[in-house]
Amino acid sequence: MIAPQNPGRYINTYVLRITILLTSVGILAFTEILERLDFMIYDKLSTFIPYSQDSDVVIIAIDDQSLGIIGRWPWPRDIHAAFINRMNLIDNQRLALDLLFSEPQSSNPHADQLLASAIASHGNIVLPLAPVSTAHTDSIHIVAPLPLFRNHAIMGHADVEIDSDGVVRRVFLNAGINSPTWPALAQALISPASAKQDFLREEDEKPSEQSKQWYRADEVLIPYLGRPGSFTQISYASVLFDDDILASLKDKTIIVGMTAAGIGTRFATPVSSLNHQFMSGAEWHANVYSMLQHDRAIHPVPNTWVVIISIAWIMLVLLGISLTKKNLTVPLLTLMSIIGIFSIYQLLKSVHVWIPPGAALLGTLAAYPLANWRHINQFVRSFLINKLRSSTALESIKDGVIITDANDLVVYVNKGAENILRTEFKHIKDRNLQQILHIHSNCASQPDKSAVNKILTRDPDKPGTLECNLKTRYGDERSIRITRNQLYDEQKMLIGSVIAITDLTDTIELAQQVAYQESYDALTKLPNRSKLLSQFDQMIQEAEDTGKTITVFFVALDNFKKINDAMGHQAGDKLLRMVSFRLFETVRHNDCIARWGGDEFIVLFNHLDNIDSSAEMAQQILDAVKQKFEIDGMEIFVAASIGISLYPNDGLVTETLLKRAETAMHTVKRDGGNRFEYYSPESSIAWTRDRLELEKELRTAILNDELQVFFQPIINAKTHQITRMEALVRWPHPTRGFLSPSEFIPLAEKVGLIEQLGELVLRMSCLSAYRLLQQGYQVNVAVNVNPRQLMNKNFLQTILKTLQDTQLPAGYLILEITESSIVNNIERVGIILKTLKQLDILIALDDFGTGYSSLTLLRELPIDILKIDKSFVRTLDQNQSDLTIVQAIIGLGNNMGLMVVAEGVETAEQNQILLQHQCYHQQGYYFSRPVPYNALVELMHAKNKSRTPARDLYGVAASSAIQTRKAIIRSDHQ
């Protein structure tokens, strides 16, 4: 080893390690991190302390024998009154009933009076009260005997503290709500006459929303006398009916409690590991009483003192190592640890003080790994492996274990075997194995019967494992796995057998339930998609051999959503169950019917040999479905759409056939539903592929900003000024050419892209208007708003953010809406439009005259501009009716103070007629087609330069403007 070049640094590192060690020990001692380790040490040490049996305490057990004699629990109160009166005959002075009499006996109120009189006559009866948690995590209330009983009794709390590992080691001698008011039941039993009694408040007995805490005080550890059964136990019925047994109880302390199987509470204690039996509540109170009576209570040292003692312990260890100048070895550490544990044991035994040594022991052991980390890794690994093995062994207790001798007589069974056999060890001890194991094979074959005989015989050459059925003493059957292995001594002589029994009943039932759920729909109980595909594959394999045709019906309900919307999903579920039942009744029982998902069902037939038979069956299903359903007292009518595909004509695999039947079903739905249709490959595939391709291309165009916004000027025909412009989106498709909105807007609406598209057009329009404004052109920009955009909850935020990002003043933005987007929800639209008006944004009503044209809209909504639809303007100079309508709209708008814009102006005659009727703002091909931004700028520049009408500007030979305008598609529409 190379010596350290810097001794001072080495010393500082050593001091740092010691500081870290002492700090870690202090933290571990103060916290509860090592609580389990301290519990294990305490449990082991406490079992080494011998205690003599306490013959002064007798447990009167409400056991199986008493239940068999007196009757099933609960007993009438006069039984307990008679018991207490018999205790008075022997002048008993200490009697505790570990029973909660918290409810009156409704069947015989007189019995409660008898019990109260008996309690009062005795004078020293101790009754329990217990804290109970409510729905509120920070509130509790007390369950106590009826006031009729507790007025003449001594109260003691029956609060049992269960440690984190599920073992009861301690008791709090005083506890209560918000203050430790009540003594423990055993403490009250020590001196009943002098026990402090505080009457319960009425609010403490009732659940409350107010925070009430259960406070505990005077914690002590319990030195148990021994394993469960250490105290004398006498049957309740024997005391009640046997005078000799009653006389033997004179001068005894009596504790009455439950010990019968399945009744009462049992606890795991440090001594439970001696015989794997839990301790009854009565015996637990007896241990606490004996502890207090003989002053054996073990007092745990407070955490602060544990920290001080643990650190002092480690410092003594380090000082001893330093003084002896010996290398720190494992034997030396082991010796130090043994000395420390022995000291703890002596304190526990002599002065009844418990100091948790876990932190100090780990600190002692940690002194070695500070110098050698490899050893500590090995130690930790070994410790974890041993802990894992111990846990595995404890878990295996659930299985049954039977040990027999060489003659196959039972010498031991564990609790697991008792539970499986529904019996107790005392009933089968020394009996032959074949007399207690009534097993039989699941099959009637001879080999299986032989395997049962091999398990039951003690032939050393026939060990093995068998899954079979076991009949218990109560006649019920359990599915088990039984394994038998022979035991030999050192001379290879057979000394017995070990039979391990695993109860598989719950596992098998769960597996069956899981298998059912994996294959069947939980709502309709029909086969689900997985089961259907499996059956379909099997039918196709059979059809390959037989040449049969398989007919696939894809059945979907029409407008099923209306049921859920109107009556709720619960009604929809009921309807689906009814429809599945009608489908099951309509088809043959050997036909395959399954739920595909939602309101869709699949029916498979292998007996419909021709088109006529399949059409007839489809019509039968349609007729069955459209009959009325009665749900929650209401008559419901639905229809169905059925798509049909055939094997092998329409496909050879399940996925293809189902997909094509679904395609046919969707074709029926598009045509109105309530009928059936066979799959047609020519019509469906071409349409579907084209639509999917166009949708994909539209998504890509929006993502990559491939769409363009054109602008059509709105002219003041009187002054020939460009006052406004309308933004119109165009899609320069790489293969289809320029696409107008009518060719892709409906698709965007259907696939949910309209909001994204509208936001893109709005942003590009506002940015263009701001750029014009920067060049001195104060022109408002009008942007069309789709109804879905308008009703979107984020519409206002989108408008505000766009204006903020583009820096366009709100007064330069016009939003064009249609009547169809208003009438469906005029109240909500009104709120949105009023909010926009507060921002100085202008609102235009587009295509006026073609929709509802309700004057209510003009009265209720903040409309600024009316746009006359081009269908009226186009025939203005030819149709007197259209002229009359246009005159009316112009007059209406002018009288209401609204700006009126005429769309679709294409001729000079239309322009002049509109001017004569005072419609000055006009828009159309007569002035300009929709043009890109650059062309619009050149138009405005040329207009300002030449001061000529805008329609002339369209023909100006400005070189760059002409080149731009030539790129415009002549078939473009507004």
Side-chain angles (χ1 to χ4, degrees), residues 14-49 163-165 167 169-170 219 221 223 270 273 298-324 326-391:
Y14 182 71
V15 172
L16 177 62
R17 291 181 180 179
I18 292 177
T19 303
I20 293 175
L21 174 62
L22 295 178
T23 303
S24 301
V25 168
I27 294 173
L28 292 175
F30 189 80
T31 61
E32 298 180 352
I33 298 176
L34 300 178
E35 187 179 53
R36 290 291 184 94
L37 177 61
D38 291 329
F39 287 162
M40 292 171 58
I41 297 173
Y42 172 79
D43 292 346
K44 292 296 182 182
L45 295 181
S46 62
T47 56
F48 293 136
I49 301 176
D163 290 327
S164 59
D165 58 352
V167 178
R169 299 180 177 87
R170 68 192 74 212
E219 174 190 5
L221 298 173
S273 59
I298 298 174
H299 300 276
V301 174
N303 286 352
T304 303
W305 279 102
V306 174
V307 173
I308 296 173
I309 293 171
S310 299
I311 293 177
W313 179 334
I314 301 302
M315 294 180 67
L316 287 175
V317 170
L318 296 176
L319 180 62
I321 295 171
S322 176
L323 293 177
T324 57
K326 292 185 178 181
N327 292 329
L328 192 59
T329 61
V330 173
L332 181 59
L333 283 176
T334 304
L335 178 61
M336 292 178 179
S337 300
I338 293 175
I339 293 173
I341 293 177
F342 182 76
S343 301
I344 295 295
Y345 171 74
Q346 288 299 323
L347 290 173
L348 183 66
K349 179 180 178 181
S350 58
V351 297
H352 300 155
V353 172
W354 167 243
I355 304 174
L361 287 176
L362 286 184
T364 303
L365 297 176
Y368 177 77
L370 283 177
N372 192 335
W373 291 107
R374 181 181 301 172
H375 289 173
I376 187 60
N377 289 335
Q378 293 176 351
F379 170 77
V380 171
R381 186 172 182 273
S382 177
F383 173 77
L384 293 176
I385 291 175
N386 291 334
K387 184 177 180 181
L388 178 61
R389 288 173 179 171
S390 300
S391 300

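In this chain, residues are counted from 1 in sequence order.
- What you find for I298 and P223 is that their closest heavy atoms are CD1-CB, 4.0 Å.
- Scanning both residues, L45 and W354, for their nearest heavy atoms gives CD1-CZ3, 4.1 Å.
- A distance of 9.0 Å separates CD in Q346 from CD1 in I49, rounded to the nearest 0.5 Å.
- Using modelled atom types, no side-chain atom of S310 and backbone atom of V307 make a donor-acceptor pair closer than 3.5 Å.
- Residues W305 and I355 have side chains not in contact (no heavy-atom distance under 4.5 Å, counting atoms from C-beta outward).
- Here the closest heavy-atom approach between residue G363 and residue V25 is recorded as CA-CG2, 3.7 Å.
- A distance of 12.5 Å separates CD1 of I341 from CG of L348, quoted to the nearest 0.5 Å.
- Taken from CG in L34 to CE in M40, the straight-line distance is 11.5 Å, to the nearest 0.5 Å.
- In this structure, T304 OG1 and I309 CD1 are separated by 11.0 Å, a value rounded to the nearest 0.5 Å.
- A salt bridge does not link D163 to R36: none of the charged side-chain nitrogens sits closer than 4.0 Å to a carboxylate oxygen.
- A donor-acceptor pair under 3.5 Å is absent between the side-chain atoms of Y42 and the main chain of L221, judged by distance alone.
- Residues Y345 and I41 have side chains not in contact (no heavy-atom distance under 4.5 Å, counting atoms from C-beta outward).
- Taking the ring axis of F39 as reference, the NZ or CZ atom of R169 stays within 45° of it and closer than 6.0 Å to the ring centre.
- Under the 3.5 Å distance criterion, the side-chain polar atoms of D43 are left unmatched by any main-chain donor or acceptor of P270.
- Atom CG in L28 sits 10.5 Å away from atom OG1 in T23 (nearest 0.5 Å).
- Rounding to the nearest 0.5 Å gives a distance of 12.0 Å between CG of L316 and CD1 of I311.
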